[in-house]
Amino acid sequence: MGEARRTGKRPRQRLPPVLGPDFFGRNADTVARDLIGKALVREQAGTRTSYMITETEAYLGEHDLASHSARGRTQRTEVMFGPPGVLYIYLVYGMHWMINVVTGAPEHAAAVLIRSAGPFTGPGRLARGLQISSALNGVQAEPSAGLWFEDASVATTFRIQAGPRIGIDYAGPAWSRRKLRFSLKGCISD
DNA sequence: GCAGTGATCATA
DNA sequence: ATGATCACTGCC
């Protein structure tokens, strides 16, 4: 007993789909744009919290001089060359963890940086707020990992703004000018 | 405006 | 082994 029956007139429960390789196995800029308004879900010690994603950045691949993968395959960038939907998490400035998800086909070293979600504006604050660090680097984003993405948009209509990426001037004007940062218009992070 | 912080990578 | 760099944040 105790199990809910799935027969009869009970309406079928609609679970928000977990975004997987089908979603992430596309161009980074498409994924980055599509992630705006989606949910980043964190579960720790049985407590689950969803955060609406409001800001992302696309890193297109080895040809993108702003991307870590432009320097080739290294120990750090190895996960970027792996399958889509895997988390790429690294430390910058000795104290801030960045949450990325690998996109595109394997061997195509592209990723999307999650810059803001829910109340956490800024990639460093986001990782700190969700208590994310290197433990999830190289791990598939799925419920068993405690961090995953869901197509759970609450807002029905919203505008997405595109602008230049932050903190990548080293890539030169051609790449730093490109509008590969996406944000929810009206949010503090837009 | 700029200091803090330490992994990572190139150079040797 | 050493030094430069860094997909940032917080406080001046």
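Quick note: numbers below take in every heavy atom, side chains included, and nothing from hydrogens, waters or symmetry partners. Numbers restart at 1 for each chain; the letters A, B, ... are given by sequence-line order, proteins then strands.
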**Report entry** DNA chain C-proximal residues of residues 62-70 of chain A, any heavy atom under 4.0 Å
**Finding:** Ala66(A), His68(A)
Report summary line: ring pair (Phe, Tyr, Trp, His ring centres under 6.0 Å) filter on Trp97(A), not counting sequence neighbours, yields none
Report summary line: Contact span of DNA chain C against chain A, any nucleotide atom under 4.0 Å from a heavy atom, 5' to 3', runs dC6(C) to dG10(C)
Requested in this report: Name all residues meeting the ring pair (Phe, Tyr, Trp, His ring centres under 6.0 Å) criterion together with Phe182(A); count only those two or more places apart in sequence or in a different chain, and write none if there are none.
Outcome: none
Report summary line: Note: contacts of residues 172-181 of chain A with DNA chain C (heavy atom, under 4.0 Å) are none
Query raised in the report: Got Phe120(A) and Leu130(A) here, is their nearest side-chain heavy-atom distance under 4.5 Å?
Result: yes
Query - Within 45° cone of Tyr90(A) ring axis and under 6.0 Å: Arg76(A) NZ or CZ - result: yes
Query raised in the report: For Phe23(A), what residues pass the ring pair (Phe, Tyr, Trp, His ring centres under 6.0 Å) criterion, not counting sequence neighbours?
Result: none
Query raised in the report: Do Asn27(A) and Thr103(A) come close enough that some side-chain heavy atom pair is under 4.5 Å?
Result: no
Query raised in the report: Got a sec? Which of residues 103-125 of chain A come in under 4.0 Å of DNA chain B, heavy atoms?
Result: none
Query - salt bridge (charged side-chain N to carboxylate O under 4.0 Å, His left out) partners for Arg26(A), two or more places apart - result: Asp34(A)
**Report entry** Residues forming a salt bridge (charged side-chain N to carboxylate O under 4.0 Å, His left out) with Arg48(A), sequence neighbours excluded
**Finding:** Glu43(A)
Query raised in the report: Strictly under 6.0 Å, is that where the ring centroids of Phe81(A) and His108(A) end up?
Result: no
**Report entry** Side chains of Gln44(A) and Arg42(A), donor plus acceptor under 3.5 Å
**Finding:** yes
Report summary line: Intra- and inter-strand pairing of DNA chain B, written as dot-bracket with Watson-Crick and G-U pairs under 3.5 Å and | for the latter, reads ||||.||||||.
**Report entry** Nucleotide-resolved protein contact map, nucleotides 5-12 of chain B, B/S/- at heavy-atom distance under 4.0 Å
**Finding:** BB-SSS--
Query - salt bridge (charged side-chain N to carboxylate O under 4.0 Å, His left out) pairs, two or more places apart, involving residues 53-68 of chain A - result: Glu55(A)-Arg115(A), Glu55(A)-Arg181(A), Glu57(A)-Arg115(A), Asp64(A)-Arg165(A)
